[in-house]
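Quick note: numbers below take in every heavy atom, side chains included, and nothing from hydrogens, waters or symmetry partners.
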Amino acid sequence: MMWQWHPSPSAVTVAAARCFFTSSTTTLKPYCFSSSANSTLLCNLVSVSPPQVPMSTIDEADVGILCYISKTPGFRGILKQRYADFIVNEVDTEGNVVHLTSLDAPAQEVVEETETMKSDQVTKESYESEIQAFRLLAGESDGDLLEGLINQVNSGSEDGMSPIVLSPDTDKAHRTAVHNFFKEKLKFLVTDTVDGPDASSKCIRVRLNSGGGGNNSGRSSRKRKERGDKAFDSRGSKSWPDHVGKFLRFHLYKENKDTQEAIGLLGKMLGIKPRAFGFSGTKDKRAITTQRVTVFKQQATRVAALNDRLIGIKVGDFCYVNEELLLGQLSGNRFTITLRGVVADCEETIKASAESLGLHGFINYFGLQRFGSGSVATHLVGAALLRGEWKTAVREYYKESNDIDGTLRQLPRYMVAERAILQCLKKAPGNYSQAMKAIPRTLRMMYVHSYQSYLWNHAASLRFQKYGRQVVVGDLVYPIDDVTEKETIVAATSECTVEPEEIDNCSYLDEASAIELPEKKNLRAKVVTAEDIIAGKYAIDDIILPMPGSRTIFPANDISDVYHDSAKKDGVNLTESVHNVKEFSIASMTGSYRQVFHKPRDFEWQLLKYTDANAPLAETDMDRIGMDKAKCPNEVKEEDIEVHLVEANSGEGEEPVETEEEAPGDLDTQETQLALKLSFTLPASCYATMAIRELLKTSTSVAFHKTLN
C-alpha cells in the first residue's frame with residue numbers, strides 16, 4: 001500500500017480532475033491535531049481503505065474537512081446502517097423539541113368543518129345542460145372527461161381526487177373560451193394551463209376548487225403577480241371563519257423519505273400544490289424525522305384522515321395559527337443516532353471519545369452533503385459561476401446531446417436543475433447564461449454558497465492547525481455588547497445556507513442541497529487584540545470565521561490568506577465582480593459568520609448489546625404513541641444498556657468490549673454485537689455528521705459507510 005498526502009491547494013481542481021479518473025487503490029485522508037499555537041502539528045495518515053470507491057465521489061479532503069480536535073484514536077462504527085438509526089426531532093424557536101404525540105384532530109374541529117363545508121360544498125346537481133354546452137365547445141372526449149369529474153364530485157369522493165387534463169390545444173383564443181366557460185358556468189371547478197405533448201400545444205387542466213365556489217373570478221395578471229404567482233389552489237376559502245387561524249400547523253413524522261417527497265404526497269392527496277405548505281427546513285431522507293409544517297386553510301379533520309392511507313408518514317398535533325412557517329424558523333434539531341457494529345481496541349477508547357465530544361465538541365465544518373450527493377459537486381459549479389463561465393457551469397450538469405427531448409423523458413421529476421437547464425437549452429440553444437437562470441433561484445444560489453462553504457472549511461482547518469484551541473490576536477469574535485443580539489439571531493437560523501432575503505420557495509431542495517441559512521447575518525465582527533487576550537474577554541467558543549461577502553471582514557492574521565489564495569487558484573475574485581450578474585458575485589452578497597468550534601447540548605450516550613441486526617435500538621415517536629408494537633426496541637435487554645451523561649459517568653460494573661476482526665457482515669447474524677447510541681442537540685446550522693466524524697475519526701461519506709455494511 002502506498003501512503004500519500006492529499007494536498008489541498010485547490011480542491012476545486014482536484015475534484016474536477018477526479019471526474020476523469022477512478023480509484024483502484026486506497027483512499028487516504030489527513031488526520032490533524034493541534035493543541036496550541038506553539039505545538040508541533042501532528043499529521044498522521046489514516047487508511048480508510050474502501051475497496052474500489054470511485055474517485056468522482058467527493059472526499060472530505062476535497063472540501064477542506066481535514067482536522068480533528070481530540071487525540072483519541074477513534075473506533076469503528078457504522079452510520080445509518082438502518083434509517084431508524086438516525087432520528088431527528090426539530091427544535092422550535094422556543095427551544096421545544098417537536099414530537100408527534102397525537103394523530104387526532106381537535107374535538108372542536110367538527111363544528112368548524114361543518115360550517116365551512118356548508119358554504120364550500122358543491123350542490124349535487126347533474127349539470128346536464130352545462131356538460132352538453134361544454135361538448136359543443138370542446139368536443140365529445142373532453143365532455144366525457146368533465147362528466148366523469150362532476151360525477152365524482154357529486155358522489156362525495158373528493159379526497160385524493162385527481163384533476164383532468166383536456167386535449168392538446170394550439171388555439172389560444174379557444175383555450176381562453178374554455179377558461180371563461182368554467183368561470184361563468186362551473187365555478188366550483190378551476191382551471192390552469194400546462195404544457196402539451198409538443199412545443200406548440202398547451203393543455204387545460206381542470207380540478208375541484210378546494211377554496212370554494214367563485215373565488216377564481218376576476219383573476220388578473222396583476223393580482224397573480226401580487227400573490228407571488230402561487231398555486232391557484234393555495235388561496236383557500238373566502239368563507240373561512242375570522243376567529244380561526246388561516247394556517248393549520250401540524251407535526252409531520254416521516255420514515256425514509258425526504259421532506260419534499262412527503263409534502264408532495266400530502267399535497268397530491270389533498271388536491272393542492274406543495275407551495276401551500278410551509279416548513280422551517282428540510283430533514284434527512286435516510287432517517288426518521290419529526291418537524292412542524294403549516295398548510296393554508298385546510299381542515300384538521302381532513303388532513304388527519306390521511307393517516308389511514310399514508311405509509312411511512314404520519315401527521316398530528318394539529319392547531320390553527322395566523323402565520324405560516326418560513327424557512328429558518330427553528331433553533332436546531334435533536335438527534336438520536338445509533339452507531340452499529342462498534343469495534344474498538346478497548347471500552348476506554350469509546351468512553352474517552354464520547355466524553356471528549358461532549359466536553360470539547362468538534363470543528364463546525366460544513367458536511368459533505370453541503371457539496372452535493374450526486375456526480376455534480378456544487379462548489380465546482382459555484383466557482384464557475386463566480387468566474388462568469390456559464391458554459392462550464394451548465395456542462396457540469398449537461399453534456400452535449402442531440403436528444404434533449406429523450407433526455408428530458410428519462411430524467412426524474414426531482415432533478416429540478418437538470419430539467420430546467422435542458423428545457424431552456426431546448427428553447428434557446430447555446431444560451432448558457434439563461435440556462436443557469438432557468439434553475440429556481442433558491443437552488444441556483446446554493447452553488448455560490450457552496451463555494452463560500454468550501455473556502456470556510458479550508459480556513460477553519462488552517463486556523464486549527466496553526467493555533468489549536470486558543471484565542472490569538474487577529475481572531476474574529478462578536479463584541480461582548482452584541483451577545484444578546486447574537487443569541488436572538490441564532491434562534492432564527494436553519495440548516496440551509498441561503499441568504500434570508502433570497503429565499504423564495506425551497507420546495508425543490510433536498511438534503512443533498514444542504515439547505516443552510518447563514519449562521520449570523522448583519523452582525524459586526526470584532527478583531528481580537530492583545531489587550532482582549534490579557535483580559536480574558538473571549539473564549540475559544542467565541543471564535544468565528546466569515547462566509548465571504550461585502551459586509552464581512554477577514555481575520556487580521558495569516559488565516560485570511562487561505563481565503564484569497566484558494567480563491568485565486570480557482571480564478572475567483574472575492575472583492576470584485578468579473579461579470580455583471582450580481583447574484584453570481586460574492587462582492588454583491590452581504591456574507592455572514594460561522595462559529596468555528598461547537599459543543600453539542602444535552603449530550604448523552606449509551607452502549608447497547610444486540611444480536612438481531614434488524615431490530616431497532618432507539619424509540620421513535622410512533623413507538624411512544626403505541627401505533628406499532630413490533631417496532632419497540634425489545635431486542636435490547638435493560639441490563640445490556642449503559643447510559644452516560646457527559647458530566648457524570650460512573651464507569652462501574654461495566655463488562656469489557658469484545659473486539660472483532662471482521663465487519664458485522666450478514667444482517668441475520670445472531671452474534672452479540674455492540675452499538676453506541678448518542679443523543680444531542682445542535683443548532684440548525686451544524687452538521688451532526690461532523691460530530692460523528694470527530695467521534696469515530698473516519699470519513700462520513702456514504703460510500704465509505706456502505707463498505708462497512
Nearest non-hydrogen partners of [X] and [Y], listed with the distance:
X	Y	value
Ile625	Leu100	CD1-O, 3.5 Å
Gly64	Ser461	O-OG, 2.6 Å
His379	Tyr451	O-CD1, 3.7 Å
Arg286	Asn256	CA-OD1, 3.7 Å
Trp605	Leu676	CE3-CD1, 3.7 Å
Ala262	Leu252	CB-CD2, 4.1 Å

Check each of Thr620, Asn89, Thr290 against His99 using the side-chain hydrogen bond (donor to acceptor under 3.5 Å, both in side chains) test, and report the only one that passes.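 Of the listed options, the one satisfying the test is Asn89.
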May I have the step-by-step check of side chain to side chain contact (heavy atoms under 4.5 Å, CB included) for Asp92 and Leu330, ending in yes or no? CA-CA 5 Å; Asp92 66 20; Leu330 75 166; 6.0 Å; no
Stepwise side chain to side chain contact (heavy atoms under 4.5 Å, CB included) check, Arg624 with Glu619: CA-CA 7 Å; Arg624 297 186 185 95; Glu619 190 177 53; 3.2 Å; yes
Excluding sequence neighbours, so at least two apart, what forms ring pair (Phe, Tyr, Trp, His ring centres under 6.0 Å) with Phe247?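 Phe296.
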Spacing of [atom1] belonging to [X] relative to [atom2] belonging to [Y], to within rounding of 0.5 Å:
X	Y	atom1	atom2	answer
Leu696	Leu339	CG	CG	5.5 Å
Phe335	Cys686	CZ	SG	9.0 Å
Trp240	Gln299	CH2	CD	4.0 Å
Ile363	Ile65	CD1	CD1	10.0 Å
Met269	Leu265	CE	CG	5.5 Å
Leu574	Ser550	CG	OG	12.0 Å

Counting only heavy atoms not in Arg249, do more than 12 fall under 6.0 Å of its CZ? no
Can you confirm if the NZ or CZ of Arg370 lies within 45° of the ring axis of Tyr687 and under 6.0 Å from the centre of its six-membered ring? no
N/O donor-acceptor pair under 3.5 Å between [X] side chain and [Y] backbone:
X	Y	value
Ser450	Met446	no
Glu694	Ile69	yes
Asn333	Leu682	no

Go through it in stages, so that I can follow the logic: the residues are Met589 and Met547, the test is side chain to side chain contact (heavy atoms under 4.5 Å, CB included), and I'd like the CA-CA distance, side-chain angles, deciding distance and then a yes or no. CA-CA 10 Å; Met589 298 179 179; Met547 295 277 283; over 6 Å; no
Is there side-chain contact between [X] and [Y], with at least one heavy-atom pair below 4.5 Å?
X	Y	result
Ile288	Tyr83	yes
Phe371	Asn457	yes
Ser280	Arg292	yes
Trp456	Gln452	no
Ile313	Glu255	no
Phe464	Arg469	yes
Asn364	Arg594	yes
Leu545	Pro555	yes

Thinking salt bridges, do Asp85 and Arg340 make one under a 4.0 Å N-O criterion? yes
I'd like to know if Arg463 and Asp475 make a salt bridge, using a cut-off of under 4.0 Å between side-chain N and carboxylate O. yes
Specify whether Tyr454 and His458 have parallel, tilted or perpendicular ring planes, treating 30° as the upper limit for parallel and 60° as the lower limit for perpendicular. perpendicular
When you check the side-chain N and O atoms of [X] and [Y], is any donor under 3.5 Å from an acceptor?
X	Y	result
Arg334	Thr681	yes
Thr700	Glu60	yes
Lys677	Thr338	no

Which residues share a salt bridge (Lys or Arg N to Asp or Glu O under 4.0 Å) with Lys246, sequence neighbours left out: none
Checking Asp284 against Lys80 for the salt bridge (Lys or Arg N to Asp or Glu O under 4.0 Å) test, could you report, in this order, the C-alpha distance in whole Å, the side-chain angles of both residues, the deciding distance, and whether it holds? CA-CA 11 Å; Asp284 298 75; Lys80 291 189 178 183; 3.5 Å; yes
List the steps and the verdict of side chain to side chain contact (heavy atoms under 4.5 Å, CB included) for Val295 and Leu266. CA-CA 10 Å; Val295 61; Leu266 294 177; over 6 Å; no
